[in-house]
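Sequential numbering from 1 along the given sequence is applied to the chain's residues. Every heavy atom of this structure was used, including side-chain atoms; hydrogens, water molecules and symmetry mates were not. For ligands, and for the atoms within them, numbers begin at 1 and follow the listed sequence.
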Amino acid sequence: MTISEAIIRNAAALLNQGKLVAFPTETVYGLGADARNADAVAKIYTAKGRPSNNPLIVHIHSVEQIETYADLSMSWNPIVVKEWISKLAPLWPGPLSVVLPRGMAIAQNVSAGGSSVALRIPNHPLALELLKAFNGPIAAPSANPSNYVSPTTAQHVRDGLGERVDSVLDGGPCAVGLESTVVSLLQETPKVLRPGAITIEMLEAILGSRVEGPSSQKAVEGLTLHSPGLLAKHYSPRTKVVLRSSLSDSSQLPPRIGVLLFSSWKPQFPTVKTVALSSCGDLEEVAARLFGALRELDDAGLDLIVSDECEPIGLGEAIMDRLTRASHK
Ligand code: AMP
Ligand code: MG
């Protein structure tokens with residue numbers, strides 16, 4: 001047995017004992033628990049301080065497992081939904097979660113009071129090895145205290161959750177860096193609840209049908225959320241964040257300002273720290289480094305973080321979604 005096999009086996013054993021294991025995915029690090037074990041799932045909510053009306057994504061290792069953990073017979077149209085799943089299959093493993101009626105095997109608290117479950121196959125060798133060794137569904141939201149910036153390195157997980165997690169698998173920095181696209185297949189028109197690296201345009205092309213965007217939705221505090229990513233304030237550093245378009249000439253600026261830069265924009269005010277995400281405006285590079293940069297700025301003792309912006313098109317939609325939520329007052 002190699003060292004990494006032993007580490008994976010140990011992590012799978014911890015999950016079997018109802019413990020919490022953080023692991024890397026291509027999007028962000030997940031805080032995992034056995035999705036069939038309600039007590040283990042409850043520990044995720046406690047460790048994150050996550051509101052109990054905020055459902056969890058369940059990770060699986062193969063498309064075949066979708067029918068094990070979702071109950072497609074309860075779909076609005078099982079034949080159409082099965083067709084959609086076969087069309088989406090080439091996107092997995094990848095940063096796409098599908099919302100379907102919850103199967104019997106999944107603990108109820110995964111759905112936070114609802115009857116649906118979000119499923120995805122993560123594209124990361126360690127995550128897939130863990131899923132195969134465990135051979136069960138792993139519920140895993142981002143491995144950070146609720147509402148804070150998602151973790152894209154193992155150190156971010158340790159910084160945020162410390163002793164509250166039983167083990168952290170270190171797979172290096174996450175390649176995508178933004179949470180998965182969440183698409184609901186619960187109704188006649190598929191609906192993106194949270195934008196991510198798999199864009200609406202990609203989904204429309206692969207499904208050959210219209211896909212509704214997230215913009216039409218409003219989060220209603222206190223009700224079961226369609227998708228927790230819909231909270232107006234989320235993914236946010238402790239330091240106040242503003243988008244550069246919200247600044248006016250007359251804005252009263254504090255002394256210590258940090259800037260998050262990813263275009264040719266040149267701030268016309270004094271700054272004490274600048275983090276540039278991509279020298280050529282490459283949005284994939286911006287996405288991969290965004291959360292790490294927000295944490296770096298948040299740790300710099302600033303009064304204000306001013307963020308650059310991009311067109312909310314393609315991957316730019318997910319980037320601006322996260323920055324808009326981070327800057328929400
Ligand atoms: P996190 O991984 O911490 O960002 O949180 C999990 C994400 O999963 C949320 O942002 C939701 O978008 C999504 N999600 C999980 N389960 C469901 C569900 N049953 N219905 C809708 N969205 C869900
Ligand atoms: Mg999260």
Taking only Lys NZ, Arg NE, NH1 and NH2, and the carboxylate oxygens of Asp or Glu, determine whether [X] and [Y] approach each other closer than 4.0 Å.
{"X": "Arg120", "Y": "Glu26", "answer": "yes"}
{"X": "Asp321", "Y": "Arg325", "answer": "yes"}
{"X": "Arg256", "Y": "Asp303", "answer": "no"}

**Prompt:** Judging by distance only, is a nitrogen or oxygen of Ser142 under 3.5 angstrom from one on ligand 1?
**Reply:**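 Yes; the residue has a nitrogen or oxygen that sits under 3.5 Å from a nitrogen or oxygen of the ligand.
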
**Asked** Do you see a donor-acceptor pair shorter than 3.5 Å between the side chains of Ser150 and Glu179?
**Response**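 Side-chain D/A pair, Ser150 to Glu179: present.
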
**Request:** Return the orientation label for the Phe23 and His59 ring planes: parallel under 30°, perpendicular over 60°, tilted otherwise.
**Result:** perpendicular

**Asked** Under a 4.0 Å heavy-atom limit, does Val28 contact ligand 1 with its side chain, its backbone, both, or neither?
**Response** neither

**Complete:** At under 4.0 Å between heavy atoms, what of Arg50 touches ligand 1? The answer is side chain

**Asked** By number and element, which atoms of ligand 1 are closer than 4.0 Å to a non-hydrogen atom of Leu56?
**Response**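 Counting atoms of ligand 1 from 1, those under 4.0 Å from Leu56 are 15 (C), 16 (N).
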
**Message:** With heavy-atom distances below 4.0 Å as the criterion, list the atoms of ligand 1 near Leu193.
**Reply:** 21 (C), 22 (N)

**Message:** Measuring from atom 19 (N) of ligand 1, which candidate in Ala143, Gly113, Ser116 has the nearest non-hydrogen atom?
**Reply:**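 Closest candidate by heavy-atom distance is Ser116.
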
**Asked** Considering only heavy atoms, which of Pro101, Pro55, Ser115, Ser111 lies nearest to atom 23 (C) of ligand 1?
**Response** Pro55

**Item:** Pro151 to Ala143 - nearest heavy-atom pair and separation
**Value:** CG-O, 3.3 Å

**Message:** At a threshold of 2.8 Å, where the distance has to be below it, does the Mg ion (ligand 2) have an N, O or S atom of Ser142 nearby?
**Reply:** yes

